[in-house]
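Order of the sequence lines fixes the chain letters, A, B, ..., with proteins taken first and strands second; residue numbering starts at 1 for each chain.
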Amino acid sequence: MTHAYLPSFFETTWQERWRQAQIFRAKNPGEPGFDPAQKKYYVLDMFPYPSGSGLHVGHALGYVGTDVIARRKIMEGFNVLHPMGWDAFGLPAEQYAIQTGKHPRATTDENTKNFKRQLENIGIGYDWSREIDTSHADYYRWTQWLFLKLYERGLAYQAEVAVWWCEELKTVLANEEVINGRSERGNHPCVRRPLKQWMLKITAYAERLLADLEGLDWPESIKIQQREWIGRSEGAEVHFRLGAQPAESITVFTTRPDTLWGATFLVLSPEHALVKRIRTPECSKAVEAYVAAAASKSEIDRADASKEKTGVFTGAFARNPVFDAGDPRGLVPVWVADYVLSTYGTGAIMSVPGHDERDFEFARRFDLPVREVVKPPKGVKGLAEGVCYTGDGTAVNSGPIDGLPTREATARAIALIEERKTGRSRVTYKLRDWLFSRQRYWGEPFPLLHLADGSIVPVPEDALPVLLPEMTDFKPSADGSAPLARAQEWVRTIDPRTQQPARRDTDTMPGWAGSCWYWLRFMDARNERAPFSKAAEQYWGPVDLYVGGAAHAVMHLLYARFWHKVFFDAGLVHTKEPFQRLFNQGMVTAFAYEDATGRLVASDEVEPAGDRYLRRGSEDPLKQIVTKMAKSLKNVVNPDDIIAANGADTFRLYEMFMGPLADSKPWNPRDIPGCKRFLERLWRCYFDPAGEVRPELARGATEKPLEGDTALLERSLHKAIQRTHDSFQDLNLNTAIAAFMTFVNDVTRLQAAFTRSQAERFLRLVAPFAPHVAEELWSRMGQTGLVAQAAVPAAEPRWLVEDEIEIGIQVNGKLRGNARVPRVAAAPAVEAAARQVVAAHLSGKEVVKVVVVPGKLVNFVVKG
RNA sequence: GCGGGAAUGGCGGAAUUGGCAAACGCGCGAGACUUAGGAUCUCGUGGGGUGACCCUUGGGGGUUCGAGUCCCCCUUCCCGCACCA
């Protein structure tokens, strides 16, 4: 049966041919063969961290998707850049190395080799001449170089700040890496600790990071997540003078300056610097105890908004500046409570219990006064009904702003405090500066020198890279100091400019550093004199399509945008934003099984029995559910296994056929044979039973006239071409494959009418999806060259319209019949034909109205 | 609690954006070919009645000649964020 479809006989051969012909090699300006008239297309995958467990089918979904797009774009005539590399530095690589007892260099090299093999196995056409590895010196040299650009611009600084410390990982972490007081990687508990750390001033770009989201073709949900993370709010800061010491004041931030007249107390966060100074002797013990308790509480406990509010009075009072000196309403008590965050605003708030839920709850708990200063609109419950009203309304009990609606009241209140020089309008952000140092080994060393006098100088450009020292013991130190501090010969160095002794910085950059500019390196990956050439950036930037999981909605995508904007300001890049269009591929989920008690059962313990599932060797019925793939459930699928059993083309088709690229969908092994059967049927369309290419498809065969069944196939082919074209618009590539299947079914039915021209055009259509079988058939048909470099076939309008079409005929909106009418028939003629078909439904009734939708249907509205 | 997304046959999913719901695939049923199994091919397959009738896109209302699609209310699930003053 040599003529059967046997993908293993030819898939690797074609992969080798593509490599030799370098068909995925993108051409840079100035290179031989570069055509300035050719349009460029830069499609980028979020490059992976090369984990020890290799690629699974979820990664592959995005990679196959971009490969199909890239291959299609090549066939459309674009100069396509589709690169791949490895995000190899960072905590996971180091943790894995520690677990396995191997050096991260060794494990990283092993893992990247495996990833690359897997990707090639799938037949993905990357430009491997641009492969990068963020942990290689010829890459991180430029990461260091770019870091110095930030440093020179004053955007990198050292500060003693309360940072997240993870005892398990023995390192500090960024805000973004800590979720509910636990590390994002590994889910270990974290605590706040004051430490001297490198920070990047991302807050200086908050406004632009927010504003420039507008012009991006990104999923709205990602934009919203970024907006929320940046967390801009407009309001005012207001100084409340302390009664005892007139020179001192407490500054609060509020988004509702219009409610100043309703502020009945102030609250400081337990970490606020003034707490120690203002508490009165009588209250000092209670305050101290409270602050200590708050410090020892876990972040999760503190963050739990549902629990009852706690707090303690400091004994001190402050003056509300909107009231006159003698007004008793102006003297407000100062409390300490942990519902006020030290990290937001000024770490102190004015409490307006009448119009803020949290303050309301606190005031009730501690029996503090509540004053109404905003009257809700008619019909809305407010303080009069005993509920806190937080919406807009009309100012009352507020002296000079009484009667004003909230918007104007706010503006007037700000004007008033500014006049009295006791505050000003202010914008705050939730976004914090980015904690950029780690006390770990596997990262980029900081290109900075500490001199004897305590000053810091950058390592000169020509002395880069600062190489990571070879260390055999790179485990984090128990005391939290950096492992690099133990490489004493490395630490002790000289300042090349002065020849004076100097010490290297012993922290390393976080895992995100390398991914903050990698799309730029891909443009000019082998450049030894610069991170990338101006010409390459001018030509390739920005990325036209960036594809990856929604998991990176905030961290990577925010950091990358930040660095890119700094580069823009430094004149290094010509676009404000790095990624014009962002697309999130959906998650590939898996089936899992739970028993009667709701416990999940590993999938190798499960046996299908008809339409039910049983625990292997028992009668326990199990319920099939959909979950994330997880090692513990043994439902992680490796592409290698699928390819070994079915071939790469089947694997690719199944990945794309599962559903729209953006949707989450379960991996269902039962569906895979359907895709393989399609390829087998496709194969049979091209060969006779003896295994020879059908004579009418072979080179030199005479084309059949486009009539009868051949015309039918021609029409079917053009429809498939059109549907494929459409499917690329929304990346619903599953519908393209459905169109291929329909065409192949037609050919199977009308075998004798199939022509060489049709056979050849169909291969050009299918090639981006199932490139191996397309090449094999292409060459067996006697075509020269590669189908991967042939042109996309065109749909001709005249083949897309039928002369006679079937329309639906409705009576009162219900389908009652069909009729075939000429496409160009006039409405009255269509109506007359329709009337005959549904005569039985119309008899004895009065036709009130007739709706004729050309080419679609006729609807008779009847009475009686 | 707030924000975003979703809900269509036994399953994954289609539906020209207001115009014949269920394309395509899986699964299932019947048949053909086979000594037999497998593979392949053909036909069927939303539900109920089983004649030509009714029902059906999570539920309930509405707009319309016509609603999976638009509007209002509700339920469930997934993903973010979560005392941000």
Side-chain angles (χ1 to χ4, degrees), chain A residues 1 4 179-180 219-225 227-229 231-233 235 252-256 259 267 302-307 309 337-341 343-352 355-359 361-362 390 428-430 550-551 553-554 584 587 589 591 610-611 624 626 653-654 657-660 662-675 677-678 680-681 684 722-723 726 732 734-742 745 748-749 806-818 840 848-862:
Chain A
M1 293 278 282
I179 297 154
N180 289 332
E220 200 51 39
S221 64
I222 303 282
K223 289 190 187 183
I224 288 167
Q225 282 184 58
R227 278 189 207 113
E228 281 182 356
W229 190 264
R232 182 183 199 274
S233 41
V252 303
F253 173 74
T254 176
T255 55
R256 292 292 301 272
T259 62
V267 188
R302 272 191 68 168
D304 186 3
S306 62
K307 72 167 189 351
K309 299 237 173 327
D338 69 0
Y339 81 90
V340 176
L341 307 174
T343 50
Y344 182 75
T346 61
I349 61 159
M350 66 176 202
S351 236
V352 184
H355 307 288
D356 181 286
E357 294 282 0
R358 298 151 299 181
D359 298 345
E361 195 190 323
F362 193 80
T390 57
T428 60
Y429 301 90
K430 281 194 234 173
V554 177
N584 292 126
M587 205 177 7
T589 52
F591 291 124
D611 55 351
Q624 190 182 58
V626 170
L653 276 178
Y654 176 62
F657 189 58
M658 289 167 77
D663 290 7
S664 284
K665 52 238 154 182
W667 183 267
N668 190 353
R670 211 179 59 180
D671 287 342
I672 296 170
C675 291
R677 272 200 279 271
F678 159 71
E680 288 165 346
R681 216 173 300 144
R684 281 197 298 273
Q722 184 59 44
R723 287 179 64 190
D726 293 344
N732 294 339
N734 53 325
T735 60
I737 296 169
F740 301 161
M741 289 171 168
T742 305
N745 289 345
T748 303
R749 205 159 36 83
E806 190 163 88
I807 60 164
I809 301 158
Q810 300 180 334
V811 177
N812 283 344
K814 287 201 165 109
L815 186 69
R816 293 299 182 201
N818 289 92
V848 187
K849 188 175 176 181
V850 182
V851 181
V852 179
V853 184
K856 301 281 186 198
L857 53 70
V858 179
N859 187 15
F860 294 98
V861 186
V862 300

If you take atom types as modelled and just measure distance, does the side chain of [X] reach the base of [N] with a donor-acceptor pair under 3.5 Å?
{"X": "A/Asp671", "N": "B/C26", "result": "no"}
{"X": "A/Asn668", "N": "B/C11", "result": "no"}
{"X": "A/Lys309", "N": "B/C83", "result": "yes"}

Touch class at under 4.0 angstrom, heavy-atom based, for [X] against every strand present:
{"X": "A/Ser664", "answer": "sugar-phosphate"}
{"X": "A/Ser233", "answer": "sugar-phosphate"}
{"X": "A/Pro219", "answer": "nothing"}
{"X": "A/Lys430", "answer": "base"}
{"X": "A/Leu341", "answer": "base"}
{"X": "A/Val861", "answer": "sugar-phosphate"}
{"X": "A/Val340", "answer": "base"}
{"X": "A/Asn745", "answer": "sugar-phosphate"}
{"X": "A/Glu220", "answer": "nothing"}
{"X": "A/Arg681", "answer": "sugar-phosphate"}
{"X": "A/Asn734", "answer": "sugar-phosphate"}

message: Whether A/Tyr339 contacts B/A85 is assessed here as follows: a side-chain N or O lying under 4.0 Å from the phosphate OP1 or OP2. Is that the case?
response: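 Result: no.
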
message: Check the phosphate of B/C81 against A/Arg227, side-chain N and O only, distance under 4.0 Å to OP1 or OP2. Yes or no?
response: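 For B/C81, neither OP1 nor OP2 has a side-chain N or O of A/Arg227 closer than 4.0 Å.
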
Without decimals, in angstroms, what is the distance between [X] [atom1] and [N] [atom2]?
{"X": "A/Arg816", "N": "B/C20", "atom1": "CZ", "atom2": "C1'", "result": "13 Å"}
{"X": "A/Glu228", "N": "B/G4", "atom1": "CD", "atom2": "C1'", "result": "9 Å"}
{"X": "A/Tyr654", "N": "B/C11", "atom1": "OH", "atom2": "P", "result": "15 Å"}
{"X": "A/Gln810", "N": "B/G18", "atom1": "CD", "atom2": "C1'", "result": "12 Å"}

- prompt: Can you tell me if A/Asn668 and A/Tyr654 form a side-chain donor-acceptor pair at under 3.5 Å?
  reply: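 No, no side-chain donor-acceptor contact under 3.5 Å.
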
Using the [atom1] atom in both, what is the distance from [N] to [M], to the nearest Å?
{"N": "B/C24", "M": "B/C43", "atom1": "P", "value": "12 Å"}
{"N": "B/A30", "M": "B/A23", "atom1": "C1'", "value": "24 Å"}
{"N": "B/A36", "M": "B/C53", "atom1": "C1'", "value": "46 Å"}
{"N": "B/G58", "M": "B/G9", "atom1": "C1'", "value": "15 Å"}
{"N": "B/U64", "M": "B/G51", "atom1": "C1'", "value": "34 Å"}
{"N": "B/G48", "M": "B/C74", "atom1": "P", "value": "34 Å"}
{"N": "B/G66", "M": "B/A15", "atom1": "P", "value": "25 Å"}

message: Can you tell me whether the base of B/G9 sits syn or anti, using the 90° cut around 0 to define syn?
response: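 This nucleotide is in syn.
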
query: Is B/U35 in the syn range, within 90° of 0, or in the anti range?
result: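 Anti conformation here, the glycosidic angle of B/U35 being more than 90° from 0.
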
- request: Kindly give the heavy-atom pair with the smallest separation between A/Phe657 and A/Ala738, and that separation in Å.
  value: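 The answer is CE1-N, 4.1 Å.
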
Partner nucleotide, any strand, of [N] [Watson-Crick/G-U, under 3.5 Å]:
{"N": "B/U34", "answer": "none"}
{"N": "B/C28", "answer": "B/G44"}
{"N": "B/A67", "answer": "none"}

query: Which sits closer to the 5' end of RNA chain B, A/Arg749 or A/Thr343, going by the nucleotide each is nearest to?
result: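 In this pair, the answer is A/Arg749.
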
Sequence-distant partners of A/Arg681, salt bridge (charged side-chain N to carboxylate O under 4.0 Å, His left out), two or more places apart: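 A/Arg681 satisfies salt bridge (charged side-chain N to carboxylate O under 4.0 Å, His left out) with no residue once adjacent residues are dropped.
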
